[in-house]
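Notes to accompany the following structure.
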Amino acid sequence: MTTQSWPTSRHFFPRDMKFSPRVPKSAFAAAYTGQTQEVSHSADRIVLSMTLGPCREPEAGERESFFWSLASTGDWVNLWHMQRPIPNGTLRGSPTAGAAASAGARTLTVQTTAGATLKAGDMLGNAGQLLMCAYPGATANGSGVLTMPLVMPLRKAVSNTSALTWDKPTGTFKLQAEQPETSYVAPRMQLGMDLVFLEVFT
């Protein structure tokens, strides 16, 4: 099993996309008082659903080949937030993790340039993990240290000084369909494809 890069051809760009969290929890209710309590299982994952638009040959064959291969081999694929590929904040350059952070952490120290900003919803990548900045965002101090609040806790540890990607940061995902369907209408027109991917980690 290997990790594939997402094709860059136009017919692989989604017509629409859904980007959502999957947060497994258990809920309990008291029999007499009705009070409820939720317990997180600390297994948060990102779900990316998309629809690809119609296309003709040979693009249709390329899509079948790519997605059927993912289904057969179980290979993973690198994906990013295709509607927001770079931060709305000013953070650029070559940011790194300013300190080690363990899985489950809700903040990440980022070493960048003084005054650099991340807006709510901006994403960084680290070793196949997507990190979304929580509301209301963050600003680096005069030493270039930015404390990034995280929407979801770290799913795996981040090592000190490890590189952080801001330009199309990718996460690692697995196709959730054993039988990705491709439908056709005459003449040789492939209809749109609905695909669902779930974030995975080793």
Count I, L, V, M, F, W, Y as connected when their side-chain heavy atoms are under 4.5 Å apart, and connections chain through other members. Are Phe66 and Trp76 then in the same cluster? no

If we check side chain to side chain donor-acceptor pair (under 3.5 Å) with Glu199, which of these qualifies: Arg155, Lys174, Gln129? Arg155

Enter the distance from Asp44:CG to Leu154:CG here, rounded to the nearest 0.5 Å. 11.0 Å

When Arg188, Glu62, Met189 are each screened for side chain to side chain contact (heavy atoms under 4.5 Å, CB included) with Glu57, the one that passes is Arg188

When you group the ILVMFWY residues by side-chain heavy-atom contacts below 4.5 Å and let the links chain together, are Phe12 and Val77 in the same group? yes

Non-hydrogen side-chain atoms of Thr170 and Thr165 separated by less than 4.5 Å: no

Which pair of non-hydrogen atoms, one from Phe13 and one from Met82, has the smallest distance, and what is that distance? CZ-O, 3.9 Å

Pairwise side-chain contact, Leu91 with Val110, heavy-atom cut-off 4.5 Å (strictly under): yes

Report yes or no: do Leu79 and Leu175 belong to one cluster of Ile/Leu/Val/Met/Phe/Trp/Tyr joined by side chain heavy-atom distances under 4.5 Å? yes

Is it the case that atom CZ in Arg22 sees more than 12 heavy atoms from other parts of the structure closer than 6.0 Å? no

Nearest heavy-atom pair of Cys133 and Ala138: which atoms, and what distance? SG-N, 4.4 Å

List the atom of Val158, the atom of Ala97, and the distance in Å for their closest heavy-atom pair. CG1-CB, 3.8 Å

Side chain proximity check, Arg15 to Pro54, heavy atoms < 4.5 angstrom: yes

Separation between CG (Leu70) and CD (Gln4), nearest 0.5 Å, reads 6.5 Å

Heavy-atom pair with the smallest gap, counting every atom of Met152 and Pro21: SD-CB, 4.2 Å

Calculate, to the nearest 0.5 Å, the distance between atoms CZ and CZ belonging to Arg45 and Phe201 respectively. 5.5 Å

Between Leu124 and Leu130, is there a shared hydrophobic cluster once you connect ILVMFWY residues whose side-chain heavy atoms come closer than 4.5 Å? no

So do the side chains of Val145 and Thr109 get within less than 4.5 Å of each other, counting heavy atoms only? yes

Between Ser162 and Asn126, does any side-chain donor sit less than 3.5 Å from a side-chain acceptor? yes

Is the shortest side-chain heavy-atom distance between Leu198 and Phe173 below 4.5 Å? no

Does the side chain of His11 reach to within under 4.5 Å of the side chain of Leu52, using non-hydrogen atoms? no

For Thr2, is there any backbone N or O sitting under 3.5 Å from a side-chain donor or acceptor partner on Asp75? yes

Hphob cluster co-occupancy, Met193 + Met17, side-chain heavy atoms under 4.5 angstrom: yes

Short side-chain donor-acceptor distance under 3.5 Å, Gln190 and Arg56: no

Ring centroid separation Trp6 to Phe67 under 6.0 Å: yes

Is there a side chain to side chain contact (heavy atoms under 4.5 Å, CB included) between Leu108 and Leu146? Walk through the geometry before answering. CA-CA 8 Å; Leu108 178 67; Leu146 181 150; over 6 Å; no

For the residue pair Asn78 and Ser5, confirm or rule out a side-chain donor-acceptor distance under 3.5 Å. no

Side chain to side chain contact (heavy atoms under 4.5 Å, CB included) evaluation trace for Phe197 with Met50: CA-CA 9 Å; Phe197 296 86; Met50 67 174 71; 4.2 Å; yes

For the residue pair Ile86 and Asp122, establish whether any side-chain heavy-atom pair is separated by less than 4.5 Å. no

Donor-acceptor check, side chain of Trp166 to backbone of Pro87, threshold 3.5 angstrom: yes or no? no

Which distance, rounded to the nearest 0.5 Å, do you find between the OG of Ser143 and the CD of Gln111? 7.5 Å

Would Thr90 and Thr117 count as having a side-chain donor-acceptor pair, cut-off 3.5 Å? yes

Nearest-0.5 Å distance that lies between atom CG in Asp16 and atom OG1 in Thr51: 4.0 Å

Would a 4.5 Å heavy-atom cut-off, applied to side chains only, mark Met132 and Arg84 as touching? yes

Other residues, nucleotides, ligands: >12 heavy atoms within 6.0 Å of Lys156 NZ: yes

What is the minimum heavy-atom distance between Leu131 and Met148, and which atoms define it? O-CE, 3.4 Å

Residues Gly104 and Pro153: closest non-hydrogen pair is O-CB, 3.6 Å

